[in-house]
Amino acid sequence: MSYQGSASSDQGGEPLWRHFAMAGLIAAILIPVLFFPPFRLIEARLYDILSVISPPLPAQPGAVIVAIDEPSIGEIGRRWPWPRDIHAKLVESLRAAGAKVIAFDIIFADPTTEESDTALAKVLGPDVVLAADDVTTPLEQGTQVTRVNPLDPFLDAGAVAGIASMHLDGDAYLRRMPSMSDSFAAEALRLKGEPQAVAPDGALIQYFGPRRSYPTASYYQALDPKNFLPPNYFKDKVVLVGLSLQAATTADAGAPDTFPTPYTLTEGTLTAGVEVQATILDNLRHNLYLLPVPRPVMVLLVIAGAFLAAAFCTRGVTWRTGLSAVFLLAFFIVGAWAVLRFGRVWAPPALPAAAALAVFGSRFGLDYARERHLRRTVSEAFSRYLSPDLVAQLARDPSALKLGGERRNLSILFCDVRGFTTLSEKLKDEPERLTTLINRLLDPLSEAVLSEGGTIDKYIGDCVMAFWNAPLPSPDHPLRAARAAMRMLAAVETLNAELRREQGDDAPVFAIGVGINTGDCVVGNVGSRWRYDYSVLGDTVNLAARLESLSKEYGVSIVLGPATAQALQEHFVLIELDSIAVKGRSEKSAIFTIVAPGEQRQDPALVELTELQPTLLDSIAAGRRVEALALAQHCQTLAPSLSKYYGKVLVKAASLPE
């Protein structure tokens, strides 16, 4: 078998620039996704997952919550909204309990009864924050923002307005810190005497737990803390008052002033707006909010992810590459969490990890395509030399074809067409007919080899060379070679019959001689870097070729070497033809031929033949002319198929001295 061109380089030999060029291309394709708004929601969900893993917790909660909840509605006995004189009583109660700041997450923008409003205004002072709201209205000519403040009498009484409005992400989750200097939480901290810098635009809220993570008292308890709450429960605390209804805390139920937060994913609950305000207060107070990295930095991270993956798979995709992919994926995810947890910076790992996985996937795809191409190459290269079953096995496992040489015990077969030179001379003026005839002969001869799982090494004019037990193992290779030889003989008889029917008495009559030898050989790719053959080398091959030439000399169709004959004793009736000198050896080697299948071993004529043949050879070797002639004549009658051989033996015996 021959291959033209130099062998393709493996993945490890592929130029590095191709790996990094592929990484650069993948990064260039993915970078625009960073600026695609829907992708931000994927990053946001990753933030939800990572930000709740071991979050940093303030030493002490920065606020206490007074919840307007179902127990309070039941105890007070009034439907919500309650009259404002009840809120006035709450302010007086909290102030008496030592609360430092009282912040209502309730917008008192509309007047109610004069009596209730006046009662509330009387108790308000510079220690009270009232919620305000910024209402955004989209218009054709732009966006209009309207500030909704508490009633003027409340502000005139000394209360401070704080903007309680918050901006939801596209999936309705609340993750963004308010960026106003007069936000609700910021005003509460200012009144407490702890003014804080405004969170940068785009900063993310760090949540510390699911709903009810902050110390919470029911509204009715705060109206009478001496009887319902521990001593000093509100002492020097910032107290936030707002709605916190249990019936509206599941993610499937909707209610005012409740929001999905990162903990909604794990807990399935919503968090009350007043508790979100307490969380924002602690984010400002302890600088625990998170800053997303700028988009240019994310671009660099995407490029880094792609190039790191390219560096890991420069030697092709193996199981180690799979571990590298897992490591790189974990590196980006764990690294994003570590930077988030300890650096208070949010670097979404989604796209850098996707870039790395895309490079790994592309590398795998290219290697898989290359492997498929290699399998096709193997199939195409061997399909003309091997049986379909062997080609399929090699395609599944190309490693079974070892490049280079290896020592194996093989059975080598040479088959030559008798009288081909004479036929060529006869048809020298009809080359097309000669080619057609030889092709018609070589086709069934090759089929005989392939049907027995052999490998066709080469065609040498009218000669076929084949071998067994390579490239794939075949434990019974001598038997397969012998069966192939028998098939060849049957195929020649069939072809001769066809030619007689087609061309009459002028049809050529083909005959073949086969030599088979078994022994150790070197098998592998032999040749130069421009052209090489998968072939065999060794004395075993040379002897097989010589055995084929001896088949004509001894007048038999098949000649076997000693190792082959020994392996076939159980399958065929064999006789020894002679002993010949082998180049490089001092001792002669016996050669054999096949007389009949093993099933005919009990035939009396064959039994007698196998008993007399050794005696015949001994008599010739000893020069016993009369005995040799008699034995040869008798053996010829016992085995008519070997009449040519015994005719030559008779001539040899007659030449012995008397």
State plainly whether the residues [X] and [Y] are in salt-bridge range, i.e. N to O under 4.0 Å.
X	Y	value
Asp182	Arg147	yes
Asp69	Arg212	yes
Arg176	Asp169	yes
Arg190	Glu187	yes
Asp236	Lys192	no

Would a 4.5 Å heavy-atom cut-off, applied to side chains only, mark [X] and [Y] as touching?
X	Y	result
Leu288	Asp282	no
His87	Ile106	yes
Trp346	Pro348	yes

>> So if I apply the ring pair (Phe, Tyr, Trp, His ring centres under 6.0 Å) rule between Tyr219 and each of Phe228, Phe104, Trp82, which one comes out positive?
In response: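 Between Tyr219 and the candidates, ring pair (Phe, Tyr, Trp, His ring centres under 6.0 Å) is satisfied uniquely by Trp82.
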Minimal non-hydrogen separation, [X] against [Y], with atom names:
X	Y	result
Gly62	Leu281	O-CD2, 3.7 Å
Thr264	Thr269	OG1-O, 2.8 Å
Arg175	Asp171	NH2-OD2, 2.7 Å
Leu130	Pro150	CB-CG, 3.7 Å
Phe184	Asp105	CZ-N, 3.6 Å
Ala350	Leu46	CB-CD1, 3.3 Å

Please check: side-chain N/O of [X] versus main-chain N/O of [Y], any donor-acceptor pairing under 3.5 Å?
X	Y	value
Trp337	Ile53	yes
Arg84	Leu120	no
Gln277	Ala164	yes
Ser362	Ala358	yes
Thr216	Ile65	no
Ser183	Ala186	yes
Ser116	Thr113	no
Ser165	Ile163	no
Gln206	Ser51	yes
Glu275	Ser213	yes

>> Would Val238 and Val64 count as a side-chain contact (heavy atoms from CB on, under 4.5 Å) here? Give the steps.
In response: CA-CA 6 Å; Val238 174; Val64 175; over 6 Å; no
> Under the side-chain contact (heavy atoms from CB on, under 4.5 Å) criterion, do Tyr220 and Ile73 qualify, and how do the steps go?
Replying inline: CA-CA 8 Å; Tyr220 80 91; Ile73 292 174; over 6 Å; no
Once rounded to the nearest 0.5 Å, what's the spacing between atom [atom1] of [X] and atom [atom2] of [Y]?
X	Y	atom1	atom2	value
Leu174	Thr271	CG	OG1	9.0 Å
Ile31	Leu351	CD1	CG	8.5 Å
Ser244	Asp257	OG	CG	9.0 Å
Leu270	Thr258	CG	OG1	4.5 Å

> Any side-chain donor-acceptor pair under 3.5 Å between Tyr263 and Asp48?
Replying inline: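 No, Asp48 and Tyr263 have no side-chain donor paired with an acceptor closer than 3.5 Å.
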Please indicate whether [X] has more than 12 foreign heavy atoms, meaning atoms of other residues, nucleotides or ligands, lying under 6.0 Å from its [atom1].
X	atom1	result
Phe331	CZ	no
Asn227	CG	yes
Arg79	CZ	no
Phe342	CZ	yes

> Phe154 and Asp117: side-chain contact (heavy atoms from CB on, under 4.5 Å), yes or no, with the steps?
Replying inline: CA-CA 8 Å; Phe154 297 159; Asp117 292 345; 4.2 Å; yes
> Is there a side-chain contact (heavy atoms from CB on, under 4.5 Å) between Leu223 and Ile76 once you walk through the steps?
Replying inline: CA-CA 10 Å; Leu223 287 174; Ile76 292 174; 4.2 Å; yes
>> Let's go through Arg95 and Asp127 carefully: what are the C-alpha distance in whole Å and the side-chain angles of both, what is the deciding distance for salt bridge (charged side-chain N to carboxylate O under 4.0 Å, His left out) to 0.1 Å, and is it a yes or a no?
In response: CA-CA 9 Å; Arg95 195 174 281 149; Asp127 59 346; 2.9 Å; yes
